[in-house]
Amino acid sequence: MPTKARKPASKRVPAKAPSRGAAARPKGRAKAVAQARAPVAPPPIRTPKPKPSAKLKIAFKPRAGDITEVLIGSALIPEAGEGLLRSGGAALVVIDAGLPRSLVEPLLRALDRTGTRWDVAVVTPSEENKSLATLEDILSHAARGRMERGDLLIAVGGGVACDVAGLAAALYRRGVRHVLCPTTLLAMVDASVGGKTAVNIRASREPKAALLKNLVGAFHQPARVVCDMQALETLPARHFAAGLAECVKHGLIGGSCGDAGLMDWLTKNRPRLTARDPVACADLVARNIRLKGRVVSADEREASPKPDGGRMMLNLGHTFAHAIETLPGLSWRAAGDRTDAQHLAAVTLGPLLHGEAVGLGLLCAAHAGERLKVSPAGLADSLRAMLARIGLPTRVEGLPPSEHVAERMIDDKKTQGGRLRLILPAKGRKAKVIHAPPRDVVIAAINSVRG
Ligand code: GLY
């Protein structure tokens, strides 16, 4: 499922990388801006937008000896490398094509100020590009820049850029430190936290062979995650809603992750969140990262034998989602409370975003959970209403026969001995692993999202 680049705008980063930096350069532009600011008329009175109160620091230990520092606030991306760069060292900045320049240039200027040699590698975000070829391109940039073990890789972008850059950091010289600056809500609350890095591959060179998501990767923890709320201001509504799907996922299992109240908080604050209130968004990001940090610190490698699945519980809905999200020819109609969803086109065609597929996967899991008496009665209906209000699809048209979708689910990494393992939302906002669920339950769950 391609994650679309942001809408073209005048100040977006082109697909071609900016030139390398060695020392401060962009002074001319700053001067031009200053000259243009001659006093003319008093500025219009504006109600200032509330800012996230302050820079918030969260630290968690994904594994002994490692620590991930998380910074949440406004205008923080320029600080990405602070305290992590060697004097006279190098940084490779991996960025999403199409990011607003205002998110990237201040970082490059900050690197110039510290005398850091930098180079930029641009990634066009899509599942097709989350590939070995993109990984090799990033590694070649690092090699050309003669980066050493003590140097730093900094990713600025969505989940695709963060995942591939993280894998490059894990592999280059057998591991260099990296900083992730997620610029989508989904990457802030999920992809950037916990050290999962990966690319997709196909099992054969046949053009029609399915893309196997995240099949090749490594656990490599970022030294720092920088969540800059300014990035959310320009995020297209569809991508923002897709990020909320991962937060709803956390809400459904908050009781197993030390935050049983998250779902109620999400329900209460949904209007502020969909209106992109920056303080509510910063709270949302902090709360979800704390939750995920607790799960990852307890079970970094997804090896927990606990009935809630340990880290595996974070895959709630994903076995269904991965089977659906790369299917071609799907379409959906925004439904439910159109006051929240009105920013979306009435009918959306084409591949789903990952978060949209996760929303559908959560519905399938809730449906299966109710059938198996694991989930509370009525969960699927209340979840459907919530996802619709957020502006997420709750049914899709164009799904192939459910048997076909169920076959694709076998490719899931949680499959053991050819048998599916599903994570289901259990009573008390807990997660529960179900081994080899009955086929008819899986089929009925898929049918529940058929439009
Ligand atoms: N996205 C699920 C995990 O990080 O484990």
Side-chain angles (χ1 to χ4, degrees), residues 1 3 58 60-63 66 68 70 127 130 155 157-167 169-170 178 180 182 184-200 212-222 225 227 242-254 256-259 262 284-285 287-306 308-325 353-362 365 412-415 421-425 431-433:
M1 166 256 21
T3 305
I58 306 173
F60 67 95
K61 289 186 179 164
R63 80 171 74 136
D66 270 359
T68 297
V70 182
E127 290 300 329
K130 194 173 173 185
V160 170
C162 289
D163 279 10
V164 189
L167 184 54
H178 70 299
L180 299 177
T184 63
L185 179 59
L186 190 138
M188 287 184 190
V189 298
D190 189 26
S192 64
V193 179
K196 278 190 181 174
T197 73
V199 292
N200 306 327
L212 302 173
K213 282 200 48 142
N214 300 330
L215 203 72
V216 175
F219 290 97
H220 188 58
Q221 297 294 343
V225 176
C227 298
L244 283 174
E246 294 283 2
C247 303
V248 171
K249 175 195 81 179
H250 288 159
L252 285 170
I253 52 171
S256 290
C257 317
D259 192 353
L262 176 58
L284 173 81
V285 170
R287 199 156 172 167
N288 280 276
I289 289 181
R290 282 204 177 93
L291 178 150
K292 185 162 178 187
R294 277 192 290 273
V295 176
V296 172
S297 302
D299 180 26
E300 188 210 20
R301 303 269 164 151
E302 256 177 38
S304 168
K306 284 171 43 183
D308 65 13
R311 181 173 183 166
M312 202 168 49
M313 75 174 104
L314 299 176
N315 288 320
L316 173 67
H318 281 60
T319 310
F320 292 102
H322 285 162
I324 294 172
E325 74 176 283
L353 299 178
H354 175 65
E356 292 169 345
V358 167
L360 294 168
L362 295 177
D412 188 77
K413 289 190 288 306
K414 290 183 295 301
T415 297
R421 278 188 299 174
L422 282 184
I423 318 291
L424 298 181
K432 188 169 167 49
V433 183

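Whatever order the structure lists them in is the order used to number ligands and atoms, beginning at 1.
Remark: Glu246 does not engage Lys292 in a salt bridge, criterion side-chain N to carboxylate O under 4.0 Å. A salt bridge is absent between Arg290 and Asp259; no separation between the charged side-chain nitrogens and carboxylate oxygens falls under 4.0 Å.
The closest donor-acceptor contact from the side chain of His250 to the backbone of Val248 lies at 3.5 Å or more, if one exists at all.
At under 3.5 Å, a nitrogen or oxygen of Lys196, whether backbone or side chain, sits near a nitrogen or oxygen of ligand 1.
When only non-hydrogen protein atoms are considered, atom 4 (O) of ligand 1 lies nearest to Lys292 NZ, 2.6 Å. The shortest contact between atom 5 (O) of ligand 1 and any protein heavy atom is with Arg311 NE, 2.7 Å. The shortest contact between atom 1 (N) of ligand 1 and any protein heavy atom is with Asp190 OD1, 3.0 Å.
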Apply side-chain hydrogen bond (donor to acceptor under 3.5 Å, both in side chains) to Glu127 and His354, showing your working. CA-CA 10 Å; Glu127 290 300 329; His354 175 65; 5.8 Å; no
